[in-house]
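Some notes on the structure that comes next.
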Amino acid sequence: MFKPVSSKVDFSKLEENLIPLWKEKNVFKRSIEARKNNQRFTLFEGPPTANGNPGIHHVLARVFKDVMPRYKVMKGYYAPRIAGWDTHGLPVELEVEKKLGISSKTQIEEYGIAKFNLKCKESVFSYLKNWDAMTERIAYWCDLEHPYITMDNSYIETVWWTIKQLWDKGLIYQGYRVTPHCPRCGTSLSSHEVAQGYKENTEDPSVYPKFKVTSSEKEIINNLLKDKPIYLVAWTTTPWTLPGNTALAVAAAAEYAVVDNGSEYLILANDLRAKAGLGDQKVQTTLQGSEIVNTRYEPLYNPDQFGVERRRPMKTTSQDGVERKEFRVQQADDKLTYRVIATDFVTMEDGSGIVHVAPAFGEVDFEAGLAFDLDFVQQVDLAGKLIGNYPFAGKFVKSADKEILADLQARGLLFKSGKVLHTYPFCWRCNTPLLYYAKQSWYIRTTEVKDKMIANNEKLNWYPEHIKNGRFGDWLKNNVDWAFSRERYWGTPLPVWRCETCGKMECIGSISELVEKSGIDPACFEKTALGLHRPAVDEIKMKCTACGGQMKRATEVIDCWLDSGDMSIAQYHYPFNPGSKDIFKDGRFPADYICEAVDQTRGWFYSLHALSTLLFGEICFKNVICLGHILDAEGEKMSKSKGNVVDPWKVINKYGADALRWYCLTVTPPGNVKRFSEDQVGEITRRFQLILWNVYSFFVMYANIDNYVPASDMNVEPDSELDCWIISELNKLIRDVDHDLDNYNPTEAGRKMEIFVNDLSNWYVRRSRRRFWKSESDTDKTSAYNTLYLCLVTFSKLLAPFMPFMAEELYQNLVKAVSPGSPDSVHLTDFPVADLAKINDQLSSSTQLAIKVCSLGRAARSGANIKVRQPLSKVVVAVKSRSEREGLIKLKPQVLEELNVKDIDFVDSMGELNQSNYTCMLEGENGVALCTEISVELEMEGMAREIVHRLQTMRKSAGFEIADQIITFFEGDEYIQKVMQDNASVEYLKQETLSRNVLGVFPAEGVYSESFKLGGHPVKLGVKKA
RNA sequence: GGGCGCUUAGCUCAGCUGGUAGAGCACAGAUCUGAUAAGUCUGCGGUCAAUGGUUCGAUCCCAUUAGCGCCCA
């Protein structure tokens, strides 16, 4: 006996009730342990940060992560999954700053780094409960009890080991990096933060400074110079960068004009002459950009005269033979001149066609500086104030602008100035305009292994495929060294110590090395809340082995992307943990599968790939699904400010986790963006879950009535075409789902499962109903039960990785309830194996045709306005081949019953269908004609059916149970009497309505009765429990 | 500004190596039903984003453009 199943169901409730079962039976752990001796399947979990609530996009990623290991476990793989948490980084610090009401590094240091970092540590897990609750509720199975945590000492130790490895290979160096910098907060901003703060129509100065030419390689210029002064006219919107100017750039191929401006000559791009207001002046001569190159000019402000250092990149060769550029301070030069260079970033769109280059304040400028060995002048400090002894020294850059302009004006070095409106980035927190600022940073020389990374990429399976050679491949091709240090507080400390006396540096690769070299007591970090973090680690000093001086730690912390990218080994505490060296042999590395959203191509996907290539020369993951983003129903990005963020709990509580999971897995291919709308999740409930549920409840209802007991071997030998067909479809489905999942395509697999459920419900069950309803037990009925049972049980296993709850519900009732010796959970069973011998393509296409013929037949009936309940004598089908005809003949009973006709005939062409008394319906290459002639007998039979239909409805209204036997009473005119006296009709009626007796006289009471007019004949019907 | 992706019915999506388009939902009318919140039939809906090219033939291949999304500037 199965547990009775109501056709009404609340999936969300049902799911909540299953979670305790899994806990009690320890199903997750057992599903793993049971396969302990088998081949591994390794998922790397990309660590989220738990300092915010999980959103719908996290659900999406977790569902995609979950489906594959679940499948693999059922296929027999050993698939432990370790949860992970990303705990470091600027986002965490920003949260704490917000809570403390502070917003600058100075304020943090005043507050105290120790206190600050403690707050960070607390804040990291402030939403952990919500994360765990969500993870459990959506049935994302992973080991939440033993996660890797990037701030743990053991994790940090592996990161240190990693850095040391790279250090020893000579892959770590210090250099400059231009970053968007907020002078008020004293902090670099991540690109994400910068993107938040762009403002359109920002007003800035539009300035044309003049640079006085001193000499040129070009004879014409030198000749003109004898005549009157020549100036190069540049253009900028940031006058405060002008003291940092160390070159002017032109476009080599562009045409430049030397304009006679009365007392002076001005050089600028010919195309931009008019725009600059020099359209009417006489053009003395024109030159190619390449001809101006190396023209020398006087700086507007010679740094040497204003107490600012002038540094120049100089080539040096280190011990390991690698060429580097080091910035060396230059001797003061009162007659300093700079030169004109040609670059490809000069455009003729605005300005003067001559670009002012200040390597300390812009990425392209900085790179040009390196390429052309330009001087590097940093006349602004991190607070955005000018240094040195300029007249405007000590001023904030934006306020210095005016004074600089006035100064240039006074010295005759300003051609003109105005205002411009453009888009400019501001600090998203304090609204201060950002400065692009070159800062010292530590780099990993990833370019050293660029080719290897590209080669390794070839070994990866990307889904969707285009990421491989597109976004990711391009990123690798354009690889630049990884600036991995941050001048912040809450992060893995950079394990580099530097001698204050001789400058020697040492990298520490383990805790024991640190203890050994510094002589500290390990207890000073082992037992403290902050462990290896700042500031305690900053206090650790060691003795320089070269000069005996004191070594102090470099103050930076490490980019948290390096933390997460190192998880492939740090989660195992490699190489310190005993046994961790086996990870390369036992399948724990590389991962078989990872999955995150597409923004991780340059984030986590890259950091994993880069680190494993750098460290081991190996790939880090074999298969990767790259998910598209979730947008709102209008296609807009979800954001708090727009108020269009979807709360996953709301969706789950309403529709259940299974529906949401199914939505995530099937609504679009994984790489596409998803426009999320609740309605679509609801549609899944209606279109898929409820249909399956009703097949299930149908089965249970009748199985209980008939006391059906499933055969123990489940080896169903179907004996009807219908059973053979659905078993064939089932095996095809197993084959396809298996294949799709094997190819990391749950979307296709899911869509095929939807089709199967439709076929099962709308053809198999629909056509089989009478087989279950017939009261006597016979082989056909048993075959129907066996077949439907097999379909449902098998389907529950196919469904398990996708909809773990519903699959479990089916399994518990259909299998566990009747067979206590079976596995405790569907998730402990094996994935079904397709029996290819049972796949019958011939039968499959015949059935497809039969379904189509029925569809056409119904359309034909509808066209002739004849109800399906009215039996007809004949249907004629036009077929295009013998095999079609033979296929249909085998399925003749199904077609006849579905269409309610007595006989079927075939013709070879559509033309033959057009006969009188026939109604036709044609579509494509098939056509159907129905005989519309209704004999007296057919009419009477139709009436009997009509009466049966009314009686069935009355049984329901009277509240009878489905299996209740009844007595039927009737009154009617002569015609009705005649129908009800027909033997065949009465037998049919009895069987359909479970009537023991059909009586022409009503009893006095106890009868539920209704009156009708059927086909013009008045009828009164009554039903009563027998 | 650069790279990648997307654009097919009102909505969500199919459409394999080119042979002039399909499904589900929604909507309207009819209909069936003792499993069904479902099913069936009919209708409503598309110059397959635009332009040009290759081809006997293009939703599909190529180029350009536009819009959207993401990443990077």
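Reminder, nothing fancy here: chain letters follow the sequence lines and each chain counts from 1.
- Pairing partner, B:A37: none, since no Watson-Crick or wobble contact has both distances short of 3.5 Å.
- Within the model, atoms CH2 of A:W235 and CG of A:L272 stand 10.0 Å from one another, a figure rounded to the nearest 0.5 Å.
- Mapping A:V695 and A:V667 onto RNA chain B by nearest heavy atom places A:V667 at the nucleotide closer to the 5' end.
- When each of A:T601 and A:A860 is assigned the nucleotide of RNA chain B bearing its nearest heavy atom, the one mapping closer to the 5' terminus is A:A860.
- The side chain of A:V765 sits closest to B:A35 out of B:G69, B:A35, B:C71.
- Applying the ring pair (Phe, Tyr, Trp, His ring centres under 6.0 Å) test between A:F472 and each of A:W604, A:F605, A:W462 identifies A:W462 as the sole match.
- Side-chain proximity of A:S855 to the nucleotides B:C70, B:A37, B:C41 is greatest for B:C41.
- OP1 or OP2 of B:U33 lies within a sub-4.0 Å distance of a side-chain N or O belonging to A:H949.
- Counting only heavy atoms from C-beta on, A:E683 has its side chain closest to B:G24 among B:C41, B:G24, B:G34.
- Atom CD1 in A:I851 sits roughly 16 Å away from atom C1' in B:C41 (whole-Å rounding).
- Under the Watson-Crick or G-U wobble criterion, with both distances below 3.5 Å, B:U55 has no partner in any strand shown.
- If you check B:G3, B:A35, B:G39 against the side chain of A:I962, the one that comes closest is B:A35.
- Nucleic acid contact for A:T685: none, since no nucleic acid atom lies under 4.0 Å from a heavy atom of the residue.
- Using atom C1' as the reference point in both B:C44 and B:U36, the two lie 27 Å apart (nearest Å).
- At the heavy-atom level, A:Y702 lies under 4.0 Å from the strands shown only through sugar-phosphate atoms.
- Judged by Watson-Crick or G-U wobble contacts below 3.5 Å, the nucleotide B:C68 has B:G5 as its partner.
- For A:L690 and B:A35, the CG to P distance is 17 Å, given to the nearest whole Å.
- Donor-acceptor pairing under 3.5 Å is recorded for the side chains of A:T447 and A:D481.
- Checked against a 6.0 Å centroid threshold, the rings of A:W693 and A:F11 count as neighbours.
- Distance noted for atom C1' between B:G15 and B:G46: 14 Å (whole Å).
- A:R471 comes within 4.0 angstrom of a base, heavy atoms only.
- Between the side chains of A:T993 and A:Q952, no donor-acceptor pair of N or O atoms lies under 3.5 Å.
- B:G53 sits 25 Å from B:C16 when the P atoms are compared, rounded to a whole Å.
- The side chain of A:R869 lies closest to B:U33 when the candidates are B:U33, B:C71, B:U31.
- For A:R770 and B:U33, the CZ to C1' distance is 13 Å, given to the nearest whole Å.
- Remark: C1' of B:G24 and OH of A:Y663 are 15 Å apart, rounded to the nearest angstrom.
- Within the 4.0 angstrom heavy-atom criterion, only backbone atoms of the sugar-phosphate kind lie near A:P669; the bases stay farther away.
- Going from the P atom of B:C27 to that of B:G10 covers 16 Å, rounded to whole Å.
- Not one side-chain nitrogen or oxygen of A:R858 sits closer than 4.0 Å to the OP1 or OP2 atom of B:C32.
- Minimum atom distance to the side chain of A:K956 is reached by B:G34, of the listed B:U31, B:C13, B:G34.
- Going from the C1' atom of B:C13 to that of B:C48 covers 14 Å, rounded to whole Å.
- Within the 4.0 angstrom heavy-atom criterion, base atoms lie near A:K8.
- Between the C1' atom of B:U33 and the CD atom of A:E946 lies a distance of 13 Å, rounded to the nearest Å.
- Checked against the 6.0 Å centroid threshold, A:Y436 and A:F366 do not count as a close aromatic pair.
- Using a 4.0 Å heavy-atom cutoff across all strands shown, A:V9 reaches at least one base atom of the nucleic acid.
- Out of B:U12, B:G34, B:G39, the shortest distance to the side chain of A:T668 is found at B:U12.
- Counting non-hydrogen atoms under 4.0 angstrom, A:V364 reaches nothing in the nucleic acid.
- Remark: aromatic rings of A:Y785 and A:Y708 are close, center separation under 6.0 Å.
- Nucleotides B:U65 and B:G5 are separated by 16 Å at their P atoms, to the nearest Å.
- Counting non-hydrogen atoms under 4.0 angstrom, A:R861 reaches nothing in the nucleic acid.
- Contact check, A:R769 against B:U33: no side-chain N or O comes under 4.0 Å of OP1 or OP2.
- In the interface, the side chain of A:R602 is not paired with the base of B:C72 through any donor and acceptor atom under 3.5 Å apart.
- Here the nucleotide nearest the side chain of A:L631, chosen from B:G24, B:A35, B:G69, is B:G69.
- A distance of about 14 Å separates the P atoms of B:A21 and B:A49, rounded to the whole Å.
- Using P as the reference atom, B:C60 and B:U47 are 16 Å apart when rounded to the nearest Å.
- Computed from coordinates, the A:I630 CD1 to B:C68 P distance equals 22 Å when rounded to whole Å.
- With hydrogens and angles left out, the side-chain atoms of A:N479 and A:Y606 include a donor and acceptor closer than 3.5 Å.
- Under the Watson-Crick or G-U wobble criterion, with both distances below 3.5 Å, B:C13 is paired with B:G22.
- For A:R675 and B:C11, the shortest distance from a side-chain N or O to OP1 or OP2 is not below 4.0 Å.
- One atom, CH2 of A:W693, and another, C1' of B:A38, lie 16 Å apart when rounded to the nearest Å.
- In the set B:C41, B:C4, B:U36, the nucleotide with an atom closest to the side chain of A:H466 is B:C4.
- B:C44: no Watson-Crick or G-U partner with both key distances under 3.5 Å is found in any strand.
- Ring orientation note: the planes of A:F2 and A:Y789 are tilted relative to one another, at an angle of 30° to 60°.
- Separating the CH2 atom of A:W604 from the P atom of B:C70 is a distance of 22 Å, rounded to the nearest angstrom.
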**Request:** Might you work through the ring pair (Phe, Tyr, Trp, His ring centres under 6.0 Å) test for A:Y764 and A:W725, ending with a clear yes or no?
**Result:** CA-CA 9 Å; A:Y764 181 75; A:W725 169 72; 7.1 Å; no
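- Minimum atom distance to the side chain of A:M701 is reached by B:A35, of the listed B:C41, B:C70, B:A35.
- Contact annotation: side chain of A:R955 to base of B:G34, donor-acceptor pair present below 3.5 Å.
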